[in-house]
2 protein chains.
Amino acid sequence: MQYLKIMESINEQIEAGLLAPGSKFPAERKLAETFNTSRVTLREALSLLESDGKIFREDRRGWFVSPTALAYDPTNTDNFKTMAIKAKREPRSELLNAELLPCPRDAAKLLGVEAFTQVYKLERLRFLDNRPVAVTINYVIAEYFPELQEKDFIASLTHTYKEDYDILYSQTRYHIRTSSLQGEIAQALRATSGSPAMLVERVNHDQNGRLIDCDLEYWRHDAINIQSVATLIKE
Amino acid sequence: MQYLKIMESINEQIEAGLLAPGSKFPAERKLAETFNTSRVTLREALSLLESDGKIFREDRRGWFVSPTALAYDPTNTDNFKTMAIKAKREPRSELLNAELLPCPRDAAKLLGVEAFTQVYKLERLRFLDNRPVAVTINYVIAEYFPELQEKDFIASLTHTYKEDYDILYSQTRYHIRTSSLQGEIAQALRATSGSPAMLVERVNHDQNGRLIDCDLEYWRHDAINIQSVATLIKE
DNA sequence: AAGTGGTCTAGACCACGAC
DNA sequence: TCGTGGTCTAGACCACTTC
């Protein structure tokens with residue numbers, strides 16, 4: 001199995017620090033020549049390193065060494081910016097889309113609301129050190145946040161909730177699963193359609209127990225490292 | 001892009017229920033003929049469905065439709081068996097290996113113990129409805145559990161801890177990240193080397209705050225759906 | 001304009017699983 | 001034993017990125 005040896009060889013170079021995080025690999029044809037193999041076999045090796053989170057691909061741009069994954073605590077209300085800064089990374093966000101619309105089916109299921117309930121949909125692209133790492137989609141129940149459309153959507157939602165509506169998150173229900181990037185989300189992340197991804201879904205309640213919004217977060221799977229601490233109930 | 005159309009086509013068949021969970025696909029050569037494409041392109045489509053968790057592969061055995069993923073709460077002390085039964089699935093466990101040894105490097109890092117600390121290493125293979133879904137490796141600090149080797153390792157560790165040592169889990173720190181299956185772990189799961197996986201690492205403390213053990217759980221990534229509820233601290 | 005990655009073809013051989 | 005999946009080759013064309 002050539003591709004396993006190629007994997008190990010590349011892996012060693014990374015672990016030894018010979019390939020800096022974020023740095024670009026040589027062209028596939030050159031690498032294939034270096035390893036004295038065909039392009040297909042080389043790509044097999046690269047794909048496995050990708051699914052292992054060691055390297056990543058930008059569509060039509062090539063292969064890169066993955067930077068350190070961001071530690072992400074799903075039980076933390078810290079917003080993206082705060083989280084990144086704590087980890088000494090440089091965050092940036094772009095608003096992809098913001099609209100008020102009747103709740104689509106997938107969000108209605110998460111929010112448990114009836115058809116035609118008005119929600120705000122916010123789509124944001126998250127960068128870490130200038131690399132696009134996640135697309136986050138928020139659905140916010142409009143009823144609880146009058147005139148939300150006039151707020152600054154680039155700012156943290158948590159912050160707007162607290163400052164302008166006196167609403168805090170108090171309970172969050174989250175799901176985490178592997179998925180794959182498709183269509184516009186893949187494009188925004190500069191990923192090839194079908195790239196492996198981590199999907200974090202959250203449903204949030206406020207201090208009065210009301211369900212106020214939900215998140216769908218599509219992360220490049222090598223960019224995130226879910227971690228948390230749980231105190232267990234003693235039986 | 002043929003492979004995207006093939007993906008969608010297969011996906012529709014699954015969603016429509018025409019392909020039952022667990023059922024086997026026709027041979028790759030036949031499928032390729034059906035879709036009027038080459039085997040390589042067909043495998044491209046299958047690989048993407050695999051990384052999306054819709055289908056899975058057993059090494060040299062073929063492709064299968066993924067059963068429903070098991071809901072897994074990392075903050076729950078329920079053992080594997082209880083968890084499976086709650087979800088109306090049929091659990092089974094096999095002991096792969098049990099030994100007393102000086103703590104290996106990776107475990108020492110998690111446990112924060114010194115070199116040569118004696119630990120029990122337990123490797124177990126978990127089945128759901130007769131499908132191998134996870135390899136779990138436990139490292140237990142031997143000092144706290146004298147004569148653990150005489151216990152029944154197929155039984156739940158949680159249960160043994162409680163009944164025989166009066167020790168309960170009280171806090172757990174967990175990490176979740178994507179990984180890939182290699183070597184013996186891949187073999188035990190009937191997976192091809194390099195298959196995508198979900199790695200759950202846990203470090204557990206007892207009711208006295210002592211660090212007592214850690215888990216490394218390698219899951220077939222389509223078999224698990226991490227979910228939990230967190231109550232947030234009000235600022 | 002050149003080079004690159006994305007996609008695809010039409011084969012091939014081998015070792016293993018199923019029968 | 002037969003068919004299957006695992007692996008590999010040596011090309012090809014196109015559209016996009018980069019220069």
Side-chain angles (χ1 to χ4, degrees), chain A residues 1-10 23-51 55-65 130-132 180-184 186-196, chain B residues 1-10 22-51 55-65 130-132 180-184 186-196 220:
Chain A
M1 266 119 32
Q2 288 185 60
Y3 73 84
L4 284 180
K5 287 185 182 166
I6 298 172
M7 271 185 75
E8 280 162 28
S9 168
I10 295 177
S23 62
K24 190 174 182 306
F25 279 84
E28 291 181 359
R29 285 169 178 83
K30 279 187 189 163
L31 271 179
E33 206 181 340
T34 305
F35 286 106
N36 199 20
T37 187
S38 68
R39 233 180 111 202
V40 174
T41 301
L42 173 80
R43 281 172 65 91
E44 174 81 13
L46 292 174
S47 292
L48 292 186
L49 286 166
E50 180 190 33
S51 69
I55 66 176
F56 69 97
R57 221 185 340 172
E58 293 203 347
D59 194 50
R60 295 188 171 284
R61 255 171 279 250
W63 298 87
F64 302 81
V65 180
N130 267 326
R131 176 191 175 205
S180 69
L181 301 172
Q182 304 285 346
E184 289 178 10
Q187 266 183 44
L189 292 170
R190 294 186 206 143
T192 309
S193 217
S195 299
Chain B
M1 270 119 31
Q2 288 185 61
Y3 73 84
L4 283 181
K5 286 184 182 166
I6 298 172
M7 272 186 74
E8 281 163 26
S9 169
I10 295 176
S23 61
K24 189 174 183 305
F25 280 83
E28 290 181 358
R29 287 168 178 83
K30 279 187 189 163
L31 271 179
E33 206 181 339
T34 305
F35 286 108
N36 200 20
T37 186
S38 67
R39 231 180 113 203
V40 175
T41 301
L42 174 81
R43 281 172 65 92
E44 173 81 13
L46 293 174
S47 293
L48 292 187
L49 286 165
E50 180 190 33
S51 69
I55 66 176
F56 69 97
R57 220 183 345 169
E58 293 202 347
D59 194 51
R60 296 191 171 278
R61 255 172 279 250
W63 297 88
F64 302 82
V65 180
N130 267 326
R131 176 192 175 203
S180 69
L181 302 172
Q182 305 284 346
E184 289 178 12
Q187 266 183 45
L189 293 170
R190 294 187 206 144
T192 308
S193 215
S195 299
R220 292 202 69 136

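By convention in this document, chain letters (A, B, ...) are assigned in the order of the sequence lines, proteins followed by strands, and residues within each chain are numbered from 1.
- In this structure, A/R57 contributes its side chain and A/T192 its backbone to no donor-acceptor pair below 3.5 Å.
- Summarising the geometry of B/L42 relative to B/A32, their closest heavy-atom pair is CD2-N, 3.8 Å, with the distance given to 0.1 Å.
- What separates OH of A/Y3 from C1' of D/dT9 is a distance of 16 Å, to the nearest Å.
- The distance between atom CZ of B/R43 and atom C1' of C/dC8, rounded to the nearest whole Å, is 15 Å.
- Side-chain atoms of A/S47 come within 3.5 Å of backbone N or O of A/R43 as a donor-acceptor pair.
- B/R190 has its CZ atom 14 Å from the P atom of D/dG6, to the nearest Å.
- What separates CD of A/E28 from P of D/dC16 is a distance of 17 Å, to the nearest Å.
- Between D/dG6, D/dA10, C/dG6, one nucleotide has an atom nearer to the side chain of A/T192 than all others, and that is C/dG6.
- We find that CZ of B/F25 is positioned 23 Å from P of D/dG3, with the value rounded to whole Å.
- Using a 4.0 Å cut-off, no side-chain N or O of B/S38 falls inside it from OP1 or OP2 of C/dG11.
- In this model, no donor atom of one side chain and acceptor atom of the other lie less than 3.5 Å apart for B/T41 and B/Q2.
- At the phosphate of D/dT9, OP1 or OP2 sits under 4.0 Å from a side-chain N or O atom of A/T41.
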Exercise for review: Sugar-phosphate means primed atoms, P, OP1 and OP2; the rest is base. With that split, encode nucleotides 13-19 of chain C 5' to 3' as B, S or - using protein heavy atoms under 4.0 Å.
Suggested key: B-BSSS-
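- Within the 4.0 Å cut-off from OP1 or OP2 of C/dG6, not a single side-chain nitrogen or oxygen of B/Q2 is found.
- Partners of B/F56 according to the ring-ring contact (aromatic ring centres under 6.0 Å, His included) rule, which considers only residues two or more places apart in sequence or in another chain, are B/F64.
- Residues B/V40 and B/A27 each lie close to DNA chain D; by heavy-atom proximity, the contact nearer the 5' end of the strand is made by B/A27.
- Distance, B/E33 CD to C/dA10 P: 13 Å, rounded to whole Å.
- Regarding A/W63, its CH2 atom lies at a distance of 17 Å from the C1' atom of D/dT17, rounded to whole Å.
- Straight-line distance from the CG atom of B/L42 to the P atom of D/dT4: 13 Å, rounded to whole Å.
- The local environment of NZ in B/K24 is crowded, with over 12 non-hydrogen atoms from other residues, nucleotides or ligands closer than 6.0 Å.
- Side-chain atoms of B/E50 and B/W63 form no donor-acceptor pair, as typed in the model, at a separation below 3.5 Å.
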